[in-house]
Amino acid sequence: MPTSRLPGFHRRSVDARWRELAQRGDVSPEELRVLRALGAPSFDIVNQMIENAVGVFALPLGLGLNLTVNGRDHLVPMAVEEPSVVAAVSFAAKVVREAGGFTADADPSMMIGQVQLTRYGTPEVARERVLAGREQLLALANSFHPALQRRGGGARDVQVRILPAPEGPQGEPLFIVHLLVDTREAMGANLINTMAEGVAPLVEQLTGGRVFVRILSNLADQRLARASCRIPVEALADFDLPGEAIAEGILQASRFAEADPYRAATHNKGVMNGIDAVAIATGQDWRAIEAGAHAYACRLGRYGPLSRWTLEQGHLVGRIELPLALGMVGGATKVHPGARLGLKLLRVSTTREMAQVFASVGLAQNFAAVRALGSVGIQKGHMALHARCVAVTAGARGLDVEKVALMLVERGSVKVETARELLASFQEGPSP
């Protein structure tokens with residue numbers, strides 16, 4: 001398997017990067033043309049994907065490098081506008097790679113379809129009737145997607161949840177039927193919605209109640225992915241600080257996130273910076289992934305961090321767990337050429353392997369963030385990359401972009417006005 005370690009890749013010209021991918025066999029000549037067009041599909045394709053289409057909105061597509069998960073290397077396609085995200089993942093993955101790489105695992109692709117029942121009478125009687133009809137409900141659900149069964153998936157179980165009425169004791173308790181479905185290599189939203197809608201009449205028949213809402217749940221807590229890493233403390237030394245000082249800062253940042261939902265929200269935003277970027281680049285439903293992740297962060301009754309860092313026997317240990325409902329068939333992965341190319345670059349063969357990579361990317365992104373937070377501060381790492389955007393906004397082009405960006409950081413004033421002054425001085429005479 002090709003390595004994800006490409007030293008100096010960020011310093012090469014775009015043409016040189018494309019040639020590298022072509023020589024490695026990561027992209028074909030046709031796919032290279034897609035890359036050169038920034039992955040933008042034809043308007044005919046776009047017009048079929050959404051309503052009222054008027055054009056294509058493109059995001060920068062970069063490659064996260066150095067990622068090793070369970071001993072396998074992965075190039076990580078990332079579509080994102082924030083300057084530091086790709087650099088942060090590549091840096092963190094390199095540190096972890098030198099310490100042995102990420103270890104990850106993922107659950108089978110089990111998703112939940114929900115059917116809300118009302119006017120059902122006595123809750124326990126209705127529960128018994130639904131569970132007594134379990135085999136009928138499963139057979140009916142599977143009849144709507146026989147091809148899924150042939151691929152080894154399908155409806156697996158029926159569960160009942162009875163929840164307190166939001167109005168209080170005077171209201172009817174909520175009666176929710178859960179249909180558990182193994183979606184295999186699909187994210188599964190459409191097929192689960194079809195099943196949930198399809199079994200609703202039988203649920204009514206079994207109970208005498210009335211069904212209203214029938215839809216999947218994006219809290220995919222039966223489909224979790226986990227990743228971890230172990231980094232020797234001495235390998236953390238940086239910023240003229242010893243590894244012990246960096247480790248202490250990371251531990252304190254992790255404790256902060258565990259104790260305070262206000263901090264945990266930003267902690268998890270950092271995790272999702274990486275995961276969302278890969279999700280967009282591979283045609284995933286990143287909104288569903290976000291919803292599930294943040295709901296899972298509340299599973300203990302209050303909002304908390306998705307990842308945690310501890311010190312164990314001279315090693316900094318990071319762990320992450322979150323729901324990841326991903327798909328390799330259907331949706332944008334089928335029609336969008338950029339999404340198809342993203343999946344090819346990622347080099348995964350199943351959605352479970354893809355979930356392991358996504359979780360590792362999230363933990364890498366988080367490591368880069370808490371490492372900066374617990375030492376020199378987040379702005380130092382952001383500043384150099386942000387300065388490039390400021391330089392371009394001020395009108396810099398070509399070699400002047402790096403030149404202006406470097407001077408902005410040296411002056412400690414990364415502002416458009418300062419960049420314009422520097423550009424004006426270039427035109428007036430020798431650089432200061």
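Because the structure is predicted, anything quoted here is derived from the model rather than measured. Nothing fancy with the numbering, it's 1 onward along the sequence.
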Practice problem: Using modelled atom types only, decide if a donor and an acceptor are shared between the side chain of H10 and the backbone of G8 within a distance under 3.5 Å. | Solution: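 Absent.
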Quiz item: Is the backbone N or O of R151 less than 3.5 Å from a side-chain atom of R184, with the two atoms forming a donor-acceptor pair by type?
Solution: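 The answer is yes, because a donor-acceptor pair under 3.5 Å joins these two groups.
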Quiz prompt | Pair listing, salt bridge (charged side-chain N to carboxylate O under 4.0 Å, His left out) test, anchored in residues 290-300, at least two apart | solution =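 Residue pairs with at least one partner in residues 290-300: there are none.
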Practice problem: Kindly state each residue pair satisfying salt bridge (charged side-chain N to carboxylate O under 4.0 Å, His left out) with at least one member in residues 90-100, sequence neighbours excluded. | Solution: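 Salt bridge (charged side-chain N to carboxylate O under 4.0 Å, His left out) check on residues 90-100 returns D73-R97, K94-E98.
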Is it the case that [X] and [Y] place a side-chain donor and acceptor less than 3.5 Å from each other?
X    : Y    : answer
Q356 : N70  : yes
E124 : T122 : no
S109 : R223 : yes

[X]: which residues meet the side-chain hydrogen bond (donor to acceptor under 3.5 Å, both in side chains) condition with it, sequence neighbours left out?
X    : answer
S28  : E31
R24  : D26
N142 : none
E185 : T351

With [X] via salt bridge (charged side-chain N to carboxylate O under 4.0 Å, His left out) - residues at least two apart:
X    : value
E20  : R12
R255 : none
E172 : none
E197 : none

Would you say [atom1] of [X] has more than 12 non-hydrogen atoms from neighbouring residues, nucleotides or ligands within 6.0 angstrom?
X    : atom1 : answer
E167 : CD    : yes
E312 : CD    : yes
E51  : CD    : no

Can you name the nearest heavy-atom pair linking [X] to [Y], along with the distance?
X    : Y    : result
L179 : A155 : CD1-CB, 4.4 Å
L324 : A355 : CD1-O, 3.5 Å
R302 : A259 : NH2-O, 3.0 Å
A359 : I320 : O-CG2, 3.6 Å
R134 : R156 : NH2-O, 3.1 Å
V115 : A196 : CG2-O, 3.8 Å

Practice problem: Could you check Q365, H267, E321, R319 and say which one makes a side-chain contact (heavy atoms from CB on, under 4.5 Å) with S307? | Solution: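 Result: among Q365, H267, E321, R319, H267 is the only option passing the side-chain contact (heavy atoms from CB on, under 4.5 Å) with S307.
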Self-check item: Sole residue of I289, L224, D221, N218 in side-chain contact (heavy atoms from CB on, under 4.5 Å) with P323
Solution: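 In the set I289, L224, D221, N218, the residue that makes a side-chain contact (heavy atoms from CB on, under 4.5 Å) with P323 is L224.
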Quiz item: If we only count heavy atoms from C-beta on, is the R127 to I162 side-chain gap below 4.5 Å?
Solution: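 They are in side-chain contact.
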Exercise. Keeping to residues at least two apart or across chains, list the side chain to side chain donor-acceptor pair (under 3.5 Å) pairs with something in residues 271-287.
Key: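 Counting only pairs at least two positions apart or across chains, the side chain to side chain donor-acceptor pair (under 3.5 Å) contacts touching residues 271-287 are K269-N273, D285-R287.
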To the nearest 0.5 Å, tell me how far [X] [atom1] sits from [Y] [atom2].
X    : Y    : atom1 : atom2 : answer
S254 : L316 : OG    : CG    : 9.0 Å
M328 : R352 : CE    : CZ    : 14.0 Å
D105 : R226 : CG    : CZ    : 4.0 Å
L75  : L67  : CG    : CG    : 9.5 Å

Exercise. Report yes or no: is the cationic atom of R214 (NZ for Lys, CZ for Arg) under 6.0 Å from the centre of the six-membered ring of F212, at an angle within 45° of the ring normal?
Key: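 Negative - R214 is either too far from the ring of F212 or too far off its axis.
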Self-check item: Within residues 88-119 or reaching into it, pairs that qualify as ring-ring contact (aromatic ring centres under 6.0 Å, His included) - sequence neighbours excluded
Solution: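 Pairs touching residues 88-119 that pass the test: none.
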